[in-house]
Asks: 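Here you go, one structure.
Values in this document were obtained by computation on a predicted structure and should not be read as measured data. Side chains are part of it too, since the values below use all heavy atoms of this structure and drop only hydrogens, waters and symmetry mates.
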Amino acid sequence: MNITRSKQELSMQSPSPDALDLKLLHALLFDRLQRTPQVISVSAHCLLHTFYGGPLGWLDKTQALEPDQEAALRLPHSEPVVAPVTLEGADEALLAVLRRDGRATFSELQSSTGQSDSAVKPRLERLRSTGILYFKVQYDRESLGHGISAMLWLTVAPSALDAAGRQLAEHHEVRFAGATTGQANLVATVAASSTSELYTYLSEKIGSLDGVQAVETTLTLRHVKQLTYEPSR
């Protein structure tokens with residue numbers, strides 16, 4: 001969740017309907033947000049396709065770590081799961097703890113769920129390898145020279161959307177890029193060291209993309225909430 005400088009003063013992202021109970025999503029859009037004081041309008045869009053991003057999207061372009069440090073953060077490759085994954089009660093208990101604190105240790109998971117060490121580790125590996133459980137890192141952007149963060153809403157000709165998205169994904173400044181519903185059909189999150197660097201990126205790299213008809217740039221003034229749990233320590 002970010003405070004931005006645009007006609008939409010607050011932006012937020014939630015997991016896709018495939019990963020989030022639709023009832024919870026409907027409750028957020030049609031009940032909780034509508035009853036939130038000082039919220040006068042809500043605009044919601046659906047992410048159709050991701051060109052760049054994911055749990056380790058930040059790591060691939062940060063270039064702030066040594067190769068061995070990056071390797072330590074990368075988990076073993078796992079094949080995509082085709083069939084739906086059925087969660088057991090023990091799985092749900094582990095996920096509930098991790099939802100509150102993603103940094104919970106094995107011993108904390110054992111004590112909170114009543115499961116043994118021999119049960120916790122294989123279950124976590126199964127949840128991770130199937131994609132149900134993934135790790136997202138929050139880090140200090142300014143210390144890495146990324147003091148400026150912005151969202152770009154691009155209106156692209158439908159015939160050029162895929163090519164523009166793929167080119168956008170290759171840009172060093174891009175931290176996330178995806179096709180979305182709405183008048184602007186391509187959205188991206190970018191990082192820069194200064195507004196001058198952001199201007200150069202917009203005028204040179206974005207300006208050279210074929211099929212782009214319009215671009216709206218929204219500066220992020222403050223990150224209110226990045227991770228999806230309330231830190232407890």
Asks: Are Leu152 and Tyr199 connected in a single hydrophobic cluster, I mean Ile/Leu/Val/Met/Phe/Trp/Tyr linked by side-chain heavy atoms less than 4.5 Å apart?
Replies: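 Hydrophobic grouping puts Tyr199 apart from Leu152.
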Asks: Flag yes if more than 12 heavy atoms outside Glu92 fall under 6.0 Å of its CD atom; otherwise flag no.
Replies: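 Buried by this count: over 12 neighbours within 6.0 Å.
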Asks: What are the two closest heavy atoms between Gln115 and Ala90, and how far apart are they?
Replies: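 Heavy-atom minimum between the residues: NE2-O, 3.1 Å.
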Asks: Roughly how far, to the nearest 0.5 Å, is the NE2 atom of His172 from the NZ atom of Lys205?
Replies: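 That separation rounds to 7.5 Å.
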Asks: Restricting to non-hydrogen atoms, name the atom on Cys46 and the atom on Thr181 that form the minimum distance, rounded to 0.1 Å.
Replies: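 Residues Cys46 and Thr181, closest heavy atoms: N-OG1, 2.8 Å.
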Asks: For residues Asp117 and Gln110, determine if any side-chain heavy atom of one lies less than 4.5 Å from a side-chain heavy atom of the other.
Replies: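 With C-beta onward as the side chain, the pair touches.
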Asks: Which pairs would a plain distance check flag for residues 158-166, meaning a side-chain donor or acceptor within less than 3.5 Å of a matching protein atom at least two apart in sequence or in another chain?
Replies:
from: Asp162; atom 1: OD2; to: Arg166; atom 2: NE; distance (Å): 2.7

Asks: Please name the pair of heavy atoms, one in Gly53 and one in Phe176, separated by the smallest distance, quoted to 0.1 Å.
Replies: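 For Gly53 and Phe176, the tightest heavy-atom pair comes out as CA-CD1, 4.1 Å.
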Asks: Name the one of Val190, Thr189, Leu219 that satisfies side-chain contact (heavy atoms from CB on, under 4.5 Å) with Met151?
Replies: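 Output: one option passes, namely Thr189.
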Asks: Among Lys121, Arg128, Arg123, find the one that has a side-chain contact (heavy atoms from CB on, under 4.5 Å) with Glu125.
Replies: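 Output: one option passes, namely Arg128.
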Asks: With a 3.5 Å cut-off and no angle check, do the side chains of Ser118 and Ser116 form a donor-acceptor pair?
Replies: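 Yes, because at least one side-chain N or O of Ser118 sits under 3.5 Å from a partner of the opposite role on Ser116.
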Asks: With the side chain counted from C-beta on, respond yes when Glu197 and Ile148 share a heavy-atom pair under 4.5 Å apart, and no when they do not.
Replies: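 A side-chain contact is absent here, since even the closest heavy-atom pair is not under 4.5 Å.
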Asks: Between Ser107 and Thr105, is a side-chain hydrogen bond (donor to acceptor under 3.5 Å, both in side chains) present by the stated rule, with each step listed?
Replies: CA-CA 5 Å; Ser107 60; Thr105 63; 3.0 Å; yes
Asks: Any chance you could measure Leu87, atom CG, to Ile132, atom CD1, to the nearest 0.5 Å?
Replies: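 Atom-to-atom, Leu87:CG and Ile132:CD1 are 4.5 Å apart.
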Asks: Quick check: do Leu154 and Ile206 have side-chain heavy atoms less than 4.5 Å from each other?
Replies: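 Counting from C-beta outward, Leu154 and Ile206 do come under 4.5 Å.
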Asks: Residues in salt bridge (Lys or Arg N to Asp or Glu O under 4.0 Å) with Glu170, at least two apart?
Replies: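 Checked Glu170 against salt bridge (Lys or Arg N to Asp or Glu O under 4.0 Å); zero matches.
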Asks: Would you give the length of the straight line joining atom OG1 of Thr155 to atom CG of Asn185, rounded to the nearest 0.5 angstrom?
Replies: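 That separation rounds to 6.0 Å.
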Asks: Please say yes or no: joined through hydrophobic side-chain contacts below 4.5 Å, possibly via intermediate residues, are Val156 and Leu48 part of one cluster?
Replies: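 Val156 does not cluster with Leu48.
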Asks: With a 4.5 Å cut-off on side-chain heavy atoms, are Trp153 and Thr218 touching?
Replies: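 A side-chain contact exists here, since the closest heavy-atom pair is under 4.5 Å.
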Asks: Minimum heavy-atom separation for Ala179 to Leu47, with atom names?
Replies: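 Heavy atoms of Ala179 and Leu47 come nearest at O-CD1, 3.4 Å.
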Asks: In Å, rounded to the nearest 0.5 Å, how long is the span from CZ of Arg126 to CG of Asp91?
Replies: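 It comes to 5.0 Å.
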Asks: How many angstroms lie between CG in Leu98 and CG in Leu127, if you round to the nearest 0.5 Å?
Replies: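 Answer for the CG-CG pair, Leu98 versus Leu127, is 8.5 Å.
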Asks: Quick one: closest heavy-atom pair of Ala150 and Leu198, and the distance?
Replies: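 Heavy-atom minimum between the residues: CB-CD2, 4.3 Å.
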Asks: Specify the closest pair of heavy atoms between Val174 and Tyr201, including all atoms of both residues, with the distance to one decimal.
Replies: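 The pair with the smallest heavy-atom distance is CG2-OH, 3.3 Å.
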Asks: I need the Leu202 CG to Thr217 OG1 distance, nearest 0.5 Å.
Replies: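 Rounded to the nearest 0.5 Å, the CG-OG1 separation comes to 4.5 Å.
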